[in-house]
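Only one structure is covered here, and it is reproduced in the block below.
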Amino acid sequence: MSQGPNLVLQWLSKLHLAQYVESFLDNGYDDLEVCKQIGEPDLDAIGVHVKYHRHKLLTAVQELKEEDRRKLPGYYFTLEPLGAPACHHTAQSDRVDEPRSLGSHTQTTGVHQASCPGNHNLRFTDCNDFVTYPKLKLKVLIRDKLAKDGINLGEAPYTHK
């Protein structure tokens, strides 16, 4: 068994629902990333008919999704050519500290620097947070990160036959 099915088995065992592991794997739910997409119709296809088990699984799926939202991404990058427009963000003001109202929320707007790709929220990240890598170096960084994390983009769930 590869790492994905082992994680599904561990997850179901932790929920005391290991009796469904074979049905999960037979229906293509062989990785936690795929399991995060489970909904009511999927549970019918898998063969989970006990209401308590269905509720427990749907709650666990929501917890997996919440866990993902709490995690910060390891890398954030855009694949834009160097000649791309300097800023896609339209500021209403030249002052960084002047808020503009957005419904009931208040948001700070600002002006992006010339070297900035311009597709981020200045409230959370500064333009100086971005680094420009040559195309080949970026390719190597991404390849190494994917290999380190055990991700193969040529296999499920990232590609389908």
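By convention here, the first residue in the shown sequence is residue 1.
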Handout entry: Stepwise side-chain contact (heavy atoms from CB on, under 4.5 Å) test for F24 and I46
Key = CA-CA 6 Å; F24 267 69; I46 293 169; 3.7 Å; yes
Handout entry: Student check: side-chain heavy atoms of L43 and L58 closer than 4.5 Å
Key = yes
Fill in the blank from the handout: Output for pair (L141 CG, L146 CG), nearest 0.5 Å, gives 11.0 Å
Exercise for the section: Drop me the distance from E66's CD to K36's NZ, to the nearest 0.5 angstrom. Expected result: 11.5 Å
Problem - Whether over 12 other heavy atoms sit under 6.0 Å from K139 NZ - result: no
Exercise for the section: Run through S23, C35, P5 and flag the one making a side-chain contact (heavy atoms from CB on, under 4.5 Å) with Y29. Expected result: C35
Practice task
Please check if V48 and V50 belong to a single hydrophobic cluster, counting links between Ile, Leu, Val, Met, Phe, Trp and Tyr side chain heavy atoms closer than 4.5 Å.
Solution key: yes
Problem - Value rounded to 0.5 Å, distance of CG in L32 from CD1 in I38 - result: 9.5 Å
Handout entry: Check: I151 main-chain N/O paired with D149 side-chain donor or acceptor under 3.5 Å
Key = no
Practice task
Answer yes or no: is there a side-chain heavy-atom contact under 4.5 Å between L12 and L57?
Solution key: yes
Problem - Pair K148 + D144: basic N to acidic O under 4.0 Å - result: no
Practice task
Show your working on side-chain contact (heavy atoms from CB on, under 4.5 Å) between K56 and L17 and close with a plain yes or no.
Solution key: CA-CA 9 Å; K56 200 170 187 178; L17 298 172; 4.2 Å; yes
Handout entry: salt_bridge(D44, R54) N-O dist < 4.0 Å
Key = yes
Practice task
Give the cluster check for L15 versus L64: same hydrophobic cluster or not, with ILVMFWY residues linked at side-chain heavy-atom distances below 4.5 Å.
Solution key: yes
Practice task
Could you state whether I142 and L136 fall into the same hydrophobic cluster, counting links through intermediate Ile, Leu, Val, Met, Phe, Trp or Tyr residues with side-chain heavy atoms under 4.5 angstrom apart?
Solution key: no
Practice task
May I ask you to check whether over 12 heavy atoms, not counting those of Q19, lie within 6.0 Å of atom CD?
Solution key: yes
